[in-house]
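For reference, the structure discussed in these notes is given below.
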Amino acid sequence: EAIVGRQRPQAIYTMMKYNQSASSSRTASIIALCLLLLSVQLSYAKISIIPQKAPSRLNLQTVPRGGGWAKAKVATVASSSPSKSTAKQQSSSAITEGLKNTLASGLAAACSKTILAPFDTLKTVQQHVSGGKSLGLLEATRQVVSRPGGILNLYAGLGVAALGSMPSVGLYFGVYSYCKKTIGETLQTTFGSMRGDTEHPAVCSDRTLQTLTIMASAAIGNTVASFSRVPYEVVKQSLQTGQYSSTLQAASTMWRDGGMRSFFPLGGVSIQMVRDIPYAIFTLLSYEFIKENWVLKRTEEDPSKRWFFDMVAGATAGGIGSYLTNPMDVIKTRLQTTGGSSKYGGSIVKCAAVVLEEGGPTAFLRGSVPRLMHKIPANGCFFVFYEFFRRALHVE
């Protein structure tokens with residue numbers, strides 16, 4: 001009886017953790033179902049949030065859908081400089097497209113996070129190991145599923161990841177879309193083929209200006225989004241490494257122990273930006289290039305296969321960006337998990353030195369396999385949903 005009495009609290013505790021993991025899985029299922037129903041509704045309704053205004057006759061810029069800057073032509077009817085009303089219409093159009101891209105990317109992020117959460121969990125567990133140790137993919141899987149709750153632990157932190165990614169990714173792509181339109185037009189009219197000055201040729205080629213526009217827009221968008229991304233990343237990774245059994249417990253305990261500082265650890269924002277800005281530049285440069293030179297050409301005659309080419313383009317671009325930025329991702333995980341900010345003093349350089357001392361250069365590739373297994377299909381899924389929602393919202 002004494003043994004049974006001691007085992008009973010442990011059994012109750014195990015059941016509680018299992019129920020908490022199950023609730024996270026149910027939350028993810030509900031999110032996925034709602035997104036699926038919304039996507040079906042959008043595909044049939046073909047909604048448009050803000051009515052499109054008729055294009056102005058002055059300085060009408062005709063750019064082929066999906067890029068093709070080199071083919072852009074300017075038709076000047078009455079004046080070589082746009083009127084104030086035309087400038088306002090262009091600004092309003094950029095804001096409108098930014099808002100639509102915010103919605104499209106937020107929904108797409110939630111879909112991809114829900115589908116591929118297990119690989120993100122395994123990546124975090126591998127990178128969390130310190131002291132020169134290394135976990136293989138199967139070892140990491142066994143460690144995760146051996147916790148109370150079993151296989152559902154692979155979806156630990158999914159609720160906060162899916163809901164937290166929607167505003168951050170939405171903000172990022174909204175700012176990116178707005179900046180790409182405004183910066184691109186500014187560079188084109190100042191240095192490119194749209195200068196309107198017959199005496200002086202273009203300073204830079206349209207291709208170079210397009211590359212600079214994508215890089216600058218991606219950097220600005222990620223800088224803004226990084227501040228909103230850090231808190232949910234910290235909570236998500238704490239759940240994935242088994243430090244807490246539920247999102248509520250993680251948030252309340254972290255707030256009680258360290259207040260707001262727990263959600264913004266020393267070095268957390270800076271390393272988030274150090275990783276995410278290069279990742280965004282590599283990924284979006286690759287995606288825009290593949291989309292313009294392969295996807296649009298291959299689907300021009302048969303648009304029904306567009307989803308497949310979007311998936312391949314997104315997966316390829318995501319793989320390139322993920323592999324090139326994996327060292328920064330290892331450092332980010334170390335700094336943002338519990339004890340990382342105090343152990344390394346919030347210093348990116350000190351953390352990198354410790355990682356290098358522990359396992360040499362290969363230590364910066366820890367978690368690269370599950371990260372690629374997560375990021376490649378995640379980007380493939382994301383860009384399929386993203387382009388789908390863009391078409392449903394009539395984004396040019």
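Under a 3.5 Å cut-off, the side chain of Thr189 and the backbone N or O of Thr186 do form a donor-acceptor pair. Remark: side-chain polar atoms of Arg371 are paired, donor with acceptor, to backbone N or O of Ser322 under 3.5 angstrom. Ser146 contributes a side-chain N or O that, together with a main-chain N or O of Gln143, makes up a donor-acceptor pair within less than 3.5 Å. Judged purely by atom type and a 3.5 angstrom limit, Thr102 uses its side chain to pair as donor or acceptor with the backbone of Gly170. Of the possible donor and acceptor atoms, one in the side chain of Ser262 sits under 3.5 Å from a partner among the backbone N and O of Met254.
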Working for side-chain hydrogen bond (donor to acceptor under 3.5 Å, both in side chains), residues Gln210 and Glu292: CA-CA 12 Å; Gln210 181 185 15; Glu292 182 176 339; 3.0 Å; yes
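More than 12 heavy atoms of other residues, nucleotides or ligands lie within 6.0 Å of CG in Leu365, so this atom counts as buried by the packing criterion.
The line from CD1 of Ile376 to CD1 of Ile320 is 9.5 Å long, rounded to the nearest 0.5 Å. Rounded to the nearest 0.5 angstrom, Leu393 CG and Arg391 CZ are separated by 11.5 Å. Rounding to the nearest 0.5 Å places CD1 of Ile95 at 11.5 Å from OG of Ser177.
Shortest non-hydrogen contact noted between Asn222 and Ala280 is ND2-CB, 2.7 Å. Taking all atoms of both residues into account, the shortest heavy-atom contact from Tyr176 to Ala218 is CD1-N, 3.5 Å. When all heavy atoms of Phe191 and Leu209 are compared, the closest pair comes out as C-CD1, 4.0 Å. Of all heavy-atom pairs between Thr213 and Lys180, the closest is CG2-O, 3.5 Å. Of all heavy-atom pairs spanning Asn153 and Thr121, the tightest one is O-CG2, 3.8 Å. The two residues Ala225 and Tyr172 have their closest heavy-atom pair at CB-CB, 3.6 Å.
Using a cut-off of 4.0 Å between Lys/Arg side-chain N and Asp/Glu carboxylate O, Glu288 and Lys291 are scored as not salt-bridged. Asp329 has no carboxylate O lying under 4.0 Å from a charged side-chain N of Arg334, or vice versa, which leaves the two without a salt bridge.
Annotation: side chain of Leu296 is in contact with side chain of Arg306 (closest heavy-atom distance under 4.5 Å). In this structure the side chain of Trp307 never reaches within 4.5 angstrom of the side chain of Phe388, judged on heavy atoms. When side chains are defined from C-beta on, Leu103 does not count as touching Phe389, because their heavy atoms never get closer than 4.5 Å.
There is no side-chain donor-acceptor pair under 3.5 Å between Thr211 and Thr208.
Linking ILVMFWY side-chain heavy atoms closer than 4.5 Å, directly or via other members, places Ile277 and Phe282 in two distinct hydrophobic clusters.
Between Phe309 and Trp294, the ring center distance clears the sub-6.0 Å criterion.
Between Phe173 and Tyr386, the ring planes are tilted. Angles from 30° to 60° get that label.
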